[in-house]
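Structure record follows, encoded as structure tokens.
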Amino acid sequence: RTVPSAHDVPTTVERLEAALTERGMTIFNVIDHAAGAASVDQSLRPTVLVVFGNPRVGTRLMNCEQRVGIDLPMKALIYEDEDGLTYLAYNPGFWIAERHGLGACFGGVQNVNNALAAFANAATAGP
């Protein structure tokens with residue numbers, strides 16, 4: 001899912017981190033892909049990956065199907081497109097559940113989807 005942001009990349013990242021922290025999520029890493037590109041003398045528009053999750057939920061998912069760990073922790077990509085607009089993109093919980101055949105094993109997929117949508121909205125909504 002890709003959500004337009006009313007803010008620039010740094011502000012969207014800050015707002016996402018605040019929303020995640022407020023909800024007790026663990027932020028595992030923040031990767032600045034543009035800085036990585038600059039370190040090898042290349043350019044890239046602002047592009048930041050925020051890696052986050054809840055080990056309690058992630059462990060439950062991996063106990064259903066261990067291969068789901070390839071998609072965990074969750075990630076959100078905040079980037080600026082060629083027109084200077086900022087977006088936040090993430091893989092919905094339903095996509096992950098379908099990809100790994102979680103089926104009835106994990107009944108909280110809707111809760112994961114709702115949480116991801118709430119985090120995206122908190123990060124991207126206007127003032």
When you measure from the side chain of [X] to the backbone of [Y], do you find a donor-acceptor pair of N or O atoms at a distance under 3.5 Å?
X      : Y      : result
Ser5   : His7   : yes
Arg15  : Ala122 : yes
Asn113 : Gly93  : yes
Asp83  : Leu85  : no

Kindly compute the distance separating [atom1] ([X]) from [atom2] ([Y]), expressed to the nearest 0.5 Å.
X     : Y      : atom1 : atom2 : answer
Asn54 : Leu72  : CG    : CG    : 10.5 Å
Glu17 : Phe119 : CD    : CZ    : 13.0 Å
Leu77 : Lys75  : CG    : NZ    : 11.0 Å

Checklist entry - Where do Arg1 and Trp95 land on the side-chain contact (heavy atoms from CB on, under 4.5 Å) test, with the steps shown first? => result CA-CA 10 Å; Arg1 180 167 181 232; Trp95 179 84; over 6 Å; no

With clusters defined by side-chain heavy atoms of hydrophobic residues (ILVMFWY) lying less than 4.5 Å apart, directly or transitively, does [Y] cluster with [X]?
X     : Y      : value
Ile31 : Leu44  : no
Leu49 : Leu116 : no
Leu20 : Val30  : yes
Val48 : Phe28  : no

Checklist entry - Can Leu88 and Thr2 be said to form a side-chain contact (heavy atoms from CB on, under 4.5 Å), step by step? => result CA-CA 6 Å; Leu88 184 152; Thr2 301; over 6 Å; no

Checklist entry - Hey, mind stepping through Ile78 and Thr86 against side-chain contact (heavy atoms from CB on, under 4.5 Å) and telling me if it holds? => result CA-CA 7 Å; Ile78 298 97; Thr86 300; 3.9 Å; yes

Next on the checklist: Show the nearest heavy-atom pair for residues Ala37 and Ser43, with the distance to one decimal.
Outcome noted: CB-C, 4.3 Å

Checklist entry - Considering all heavy atoms of both residues, which atom of Ala76 and which atom of Tyr90 are nearest to each other, and what is their separation? => result CA-CB, 4.5 Å

Next on the checklist: Is there a side-chain contact between Pro4 and Thr124 in this structure, where contact means two heavy atoms from C-beta onward sitting under 4.5 Å apart?
Outcome noted: no

Contacts table for residues 61-71: side-chain donor-acceptor under 3.5 angstrom, sequence neighbours left out:
{"unit_1": "Asn63", "atom_1": "ND2", "unit_2": "Thr59", "atom_2": "O", "d": "3.3"}
{"unit_1": "Glu65", "atom_1": "OE1", "unit_2": "Arg67", "atom_2": "NH2", "d": "3.4"}
{"unit_1": "Glu65", "atom_1": "OE2", "unit_2": "Arg67", "atom_2": "N", "d": "3.2"}
{"unit_1": "Glu65", "atom_1": "OE2", "unit_2": "Arg67", "atom_2": "NE", "d": "2.9"}
{"unit_1": "Asp71", "atom_1": "OD2", "unit_2": "Arg99", "atom_2": "NE", "d": "2.6"}
{"unit_1": "Asp71", "atom_1": "OD2", "unit_2": "His100", "atom_2": "NE2", "d": "2.5"}

Checklist entry - Which residues satisfy the ring pair (Phe, Tyr, Trp, His ring centres under 6.0 Å) test with Tyr79, sequence neighbours excluded? => result Tyr87

Checklist entry - Would Glu80 and Thr47 satisfy side-chain contact (heavy atoms from CB on, under 4.5 Å), going step by step from the backbone distance to the final call? => result CA-CA 7 Å; Glu80 180 183 296; Thr47 307; over 6 Å; no

